[in-house]
Structures are given as structure tokens and as C-alpha cells.
Amino acid sequence: MFVRSRLMLALARTEGLTVPKNASQNADGFRFYPWPGGDTELNRKYNAVEPSDLLSVTSIKQLAGEPFQLVNWKISNVVNLAMGTRKVVRIGPRGGVKEVMVKDGPFPGEFVRRMVESDGNNLDETRKWLRSTADQPRDVAAVRGSVVHKLIELNIPIEMVDETLIRRYFVQQWAEERVKVKPDILADDINFVTNAMKQYWDMRITAPFVIISQEPQVYNLTAGYGGSADAIIWFLGHFEQVRIGADENDEDVYEVIFVPLPDWEKLIGPMQKLANAKTLTLAKIEEVGGTLGVGDWKTSKGVYTSHVVQTLAYMAGEFIALDGIIDERMSDILTATALGMVIHIRPNAWAVDVFEFRQDVLRAFLGSLAYARFLALHKYPDKLFIYALSGTAEGTGDSEVIDDDDGE
């Protein structure tokens with residue numbers, strides 16, 4: 001039951017993915033952020049008078065190709081299934097994470113059983129099944145991550161996070177993605193979300209911050225892209241690297257600590273209220289002090305270079321807008337944000353990986369943007385050719401293809 005229900009989730013995710021407000025999706029599944037333009041004072045200030053269709057940051061990643069780590073991971077999943085096994089991530093009640101290999105049903109496994117039962121006929125369903133399983137573990141992890149994101153977005157206190165609440169948000173997530181066959185909610189799912197939220201709130205005590213904006217829609221008309229960042233965050237303090245000793249080679253060993261503002265406990269409530277009321281200004285932030293950052297929540301197993309590139313793309317936005325109207329207050333805050341943060345939340349740990357705005361990272365993104373836009377415009381290469389000369393050698397092309405068991 002686990003295998004089949006989780007597989008149906010993998011098949012359904014690409015069909016029912018939700019699209020952010022003000023975004024649209026074309027027939028090929030690529031997301032665009034249309035900018036309506038208009039001759040207003042604010043639009044003139046940000047050179048945003050002309051309308052434009054902007055490719056989304058996530059679609060740019062898709063068009064530019066998958067990271068090699070993900071490709072290798074998918075290949076490993078297919079090999080495992082061909083061998084009658086699959087890798088499963090077990091989450092303990094206290095957040096412990098362990099990867100184990102389990103049998104994919106009775107020996108010799110689901111794949112071999114399907115092949116034998118088909119007797120070599122009608123293999124399309126088996127082929128579709130095998131291809132979809134390359135993404136299946138990631139899809140399960142993505143649903144868990146979406147539930148954690150939603151609880152963070154709603155600022156659900158840890159005291160309220162229980163199995164009933166988690167099950168409700170799993171069902172809600174499947175409804176948003178229009179999943180027809182609902183997978184079983186396993187103990188691993190409950191343990192993942194429960195402990196990830198414990199890590200989140202522990203992080204907020206260690207490094208207190210105000211969430212200024214969630215899912216702000218960022219536009220860069222000059223480069224030609226748009227997207228929804230996870231959050232703009234204001235840490236009430238600063239990060240610092242301190243020496244804690246030396247290793248066996250007498251090399252200095254450092255540790256990163258967070259130094260909160262002296263009165264952060266008095267500040268965090270009122271400042272969060274200002275942020276929620278959409279009245280928090282850049283002037284107020286500069287008056288209080290602290291550290292601004294564009295944050296990207298990640299619940300994946302690891303942190304990858306593509307996460308940094310994606311977050312920096314949001315940092316490079318020219319303005320923030322909603323429903324075609326530029327938000328000057330939030331755009332000022334975005335412009336002043338010089339740090340990006342990959343905020344990694346797992347059931348067994350949390351981390352805030354901070355990076356500066358870097359021109360080489362921006363160039364890497366703009367390169368992928370140019371390539372992605374080119375591929376979006378030229379789905380097929382026909383119009384790129386100026387001549388197309390072809391031919392067939394004499395005695396070839398029309399001969400009967402022999403299809404027998406020997407392949408001769």
C-alpha cells in the first residue's frame with residue numbers, strides 16, 4: 001500500500017501544482033509573471049511603464065537543466081527499483097534521520113513482477129511507472145516540506161503542533177495539488193513535521209528575527225524575470241565568527257555565533273506587529289539595527305549551489321509588487337538587503353547559511369536566464385536553420401525492418 005499510494009502522489013504532483021497569485025503557467029508547464037505596466041509615477045521611477053511577460057526563477061532553473069546531483073540521485077532510484085529495493089528515509093520520534101534499503105514488495109520486486117506479467121507486451125505502463133519513481137522520494141519529501149513551510153508561514157507555535165494539525169495540513173496540501181488518490185500519512189511524516197517545527201522555534205530563540213514579508217513577488221524588468229521569494233527577514237542582532245581554539249595542526253578553529261541586540265525581547269513583538277501591519281519602514285530598521293536578509297526555507301537533505309543562485313536572483317530584484325502595483329516601502333527594504341540566507345530546517349538540526357551579494361553568482365544566474373529564455377522561444381530548432389539539406393543513400397531507408405527474437 002505504501003508503494004502504490006506514494007507512487008500516485010508522484011504521478012499527480014506535476015498535474016496539480018499550485019501557481020502563485022499573479023503568475024500564469026503555459027501549456028509546457030513553465031511559469032510566467034506578467035507585468036501590466038502603466039504610466040504612473042511609481043512605474044516611471046522603477047522604469048516599469050512597459051508591459052512584459054517575465055519567466056519565473058523556478059522555471060529558469062527547470063529550463064537550464066537539473067543539477068548533476070539530482071540526476072545521479074534519480075539514476076540510483078531507478079537502479080534500486082530494478083534490483084527490487086528502494087531507499088526509505090525513516091524519521092524517529094525525536095527527529096533522528098536514517099536512510100534504509102527496504103524490499104520493494106515480495107522478491108524479486110515490483111519492477112521484475114511487472115515485466116514478467118507483461119510477457120513483453122504493453123510495456124508503456126511499466127515504462128511510465130519506472131520513470132515516475134525517479135522523482136517519487138523527492139515528491140514525498142516535497143509534501144513534507146510544503147507542510148512545514150505552511151506552518152512557518154502561519155506562525156504556528158510549537159505548542160499547537162500535534163498529529164491532528166499535521167494531518168489536516170497534509171490533506172490541505174493534497175487538495176491544493178489536486179491529488180486524486182490520497183497517500184497514507186505515515187509516522188515518518190508526522191515525526192518529520194513535528195521535529196522540523198521544534199528546530200524552527202529553537203532557531204528563533206537562538207537567532208531571533210522578524211519576518212518582514214512572506215512570499216514577496218519580486219520583479220527585474222531589466223533582466224526579464226520575476227518570482228516569489230520565501231521571505232524577507234530581519235535578524236535582531238548580527239552573525240559573528242569567533243575563535244574557539246586550535247586543531248591538531250595548530251590551525252585556528254572558528255565557530256559562528258549570533259549576537260542579539262541587547263533589548264531584542266522587548267523589540268521583537270512590536271516590530272513583528274509593524275511588519276504584519278505593513279507599516280515597518282527601512283528607516284525604522286536602520287534606527288533599531290540588526291541584519292536584513294532574503295531568506296529561503298529549505299527542508300531538503302542538503303544545501304546546494306542552486307539554492308544560493310536562486311536566492312540571489314530574488315535579492316537582485318528591482319522592485320516588489322502585487323496585483324500590478326509597486327510596493328515602494330518593500331522595494332526600499334529589498335534594495336537595502338545585502339545578504340542572502342539559506343535557512344535549512346531538518347528534523348534533527350537547523351542552520352542559517354549566510355552569503356553576500358556576489359557578482360559571479362549573479363552572472364551565473366543571468367547566464368541560465370539567457371539560455372532559458374532562448375529555449376522558451378525556440379522549443380524546436382527549425383527556425384534557427386538557414387538551410388536544411390538532406391538525402392538518403394541508395395539502397396537504404398526503404399528496406400523492411402526485421403524484428404525477431406535474435407535481433408538480426
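The figures here come from the full heavy-atom set of this structure, side chains too, leaving out hydrogens, waters and symmetry mates. Nothing fancy with the numbering, it's 1 onward along the sequence.
- Of the possible donor and acceptor atoms, one in the side chain of D327 sits under 3.5 Å from a partner among the backbone N and O of R329.
- Nearest heavy-atom pair, Y33 versus S56, reported as atom, atom and distance to 0.1 Å: CE1-CB, 3.6 Å.
- When the shell of 6.0 Å around CZ of F357 is examined, it contains more than 12 heavy atoms from other residues, nucleotides or ligands.
- Sparse packing is recorded around CE of M160, with 12 or fewer heavy atoms of other residues, nucleotides or ligands lying under 6.0 Å away.
- Side-chain N or O atoms of T396 include one that pairs as donor or acceptor with a backbone N or O of A393 at under 3.5 Å.
- Using modelled atom types, one side-chain atom of N191 and one backbone atom of A187 make a donor-acceptor pair closer than 3.5 Å.
- A donor-acceptor contact shorter than 3.5 Å links the side chain of H307 to the backbone of Y304.
- Between F209 and Y200, the angle of the ring planes goes over 60°, which puts this pair in the perpendicular group of the 30/60° scheme.
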Self-check item: Candidate pair Q272 and N276, rule side-chain hydrogen bond (donor to acceptor under 3.5 Å, both in side chains), full reasoning
Solution: CA-CA 6 Å; Q272 187 63 66; N276 295 346; 2.9 Å; yes
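- Ion pairing of R204 with D202 is absent here, as no side-chain N (NZ or NE/NH1/NH2) approaches a carboxylate O to less than 4.0 Å.
- Of the N and O atoms on the side chains of S228 and Y314, not one donor lies less than 3.5 Å from an acceptor on the other residue.
- Side chains of I326 and Y219 form no contact here, defined as non-hydrogen atoms less than 4.5 Å apart.
- The minimum heavy-atom distance between S331 and Y46, with the atom names listed, is CB-OH, 3.5 Å.
- Listed here is the closest heavy atom pair of V294 and T337: N-CG2, 3.5 Å.
- Using a cutoff of 4.0 Å between basic side-chain nitrogens and carboxylate oxygens, D124 and R127 are scored as salt-bridged.
- A distance-only check finds no donor-acceptor pair linking the side chain of E153 to the backbone of Q214 [under 3.5 Å].
- Between E41 and K45 there is no salt bridge, since no side-chain nitrogen of the basic residue lies less than 4.0 Å from a carboxylate oxygen of the acidic one.
- More than 12 heavy atoms of other residues, nucleotides or ligands sit less than 6.0 Å from atom CD of E215.
- The main-chain N or O of R144 is never found under 3.5 Å from a side-chain atom of H149 such that the two would form a donor-acceptor pair.
- Distance alone, capped at 3.5 Å, places no donor-acceptor pair between the T299 side chain and the R346 backbone.
- Salt-bridge annotation for R114 and E125: absent, with no side-chain N of the basic residue lying under 4.0 Å from a carboxylate O of the acidic one.
- T291 places a side-chain N or O within 3.5 Å of a backbone atom of G237 that can act as its donor or acceptor partner.
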Quiz item: Under the side chain to side chain contact (heavy atoms under 4.5 Å, CB included) criterion, do D188 and V89 qualify, and how do the steps go?
Solution: CA-CA 8 Å; D188 290 326; V89 180; over 6 Å; no
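- Counting only distance, with no hydrogens or angles, the side chain of W201 and the backbone of I156 share a donor-acceptor pair below 3.5 Å.
- Closest non-hydrogen pair, T194 versus I158, comes out as O-CD1, 4.1 Å.
- Residues V210 and L236 share a closest heavy-atom pair of CG2-CD1, 4.3 Å.
- For the pair W35 and G324, the tightest heavy-atom approach, listed with the atom from each and the gap, is CH2-O, 3.5 Å.
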Quiz item: Can E328 and F319 be said to form a side chain to side chain contact (heavy atoms under 4.5 Å, CB included), step by step?
Solution: CA-CA 8 Å; E328 189 173 19; F319 60 84; over 6 Å; no
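- Under 3.5 Å, the side chains of Q310 and K61 contain a donor-acceptor pair of N or O atoms.
- The neighbour count for E356 CD, taken as heavy atoms of other residues, nucleotides or ligands under 6.0 Å away, does not exceed 12.
- A salt bridge between E287 and K284 is present, with a side-chain N of the basic residue lying under 4.0 Å from a carboxylate O of the acidic one.
- In this structure, N249 places its CG atom where more than 12 heavy-atom neighbours from other residues, nucleotides or ligands lie under 6.0 Å away.
- Residue R44 qualifies as enclosed at atom CZ: its count of foreign heavy atoms under 6.0 Å is above 12.
- The backbone N or O of T222 lies less than 3.5 Å from a partner atom in the side chain of N220, making a donor-acceptor pair.
- Every pair passing salt bridge (charged side-chain N to carboxylate O under 4.0 Å, His left out) that includes a residue from residues 225-247 is listed here, sequence neighbours excluded: R243-D252.
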Quiz item: Checking side chain to side chain contact (heavy atoms under 4.5 Å, CB included) for the pair V288/W234: CA distance, chi angles, key distance, verdict?
Solution: CA-CA 11 Å; V288 173; W234 174 24; 3.6 Å; yes
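- Between F374 and H378, the ring planes lie tilted relative to each other; the angle falls in the 30° to 60° range.
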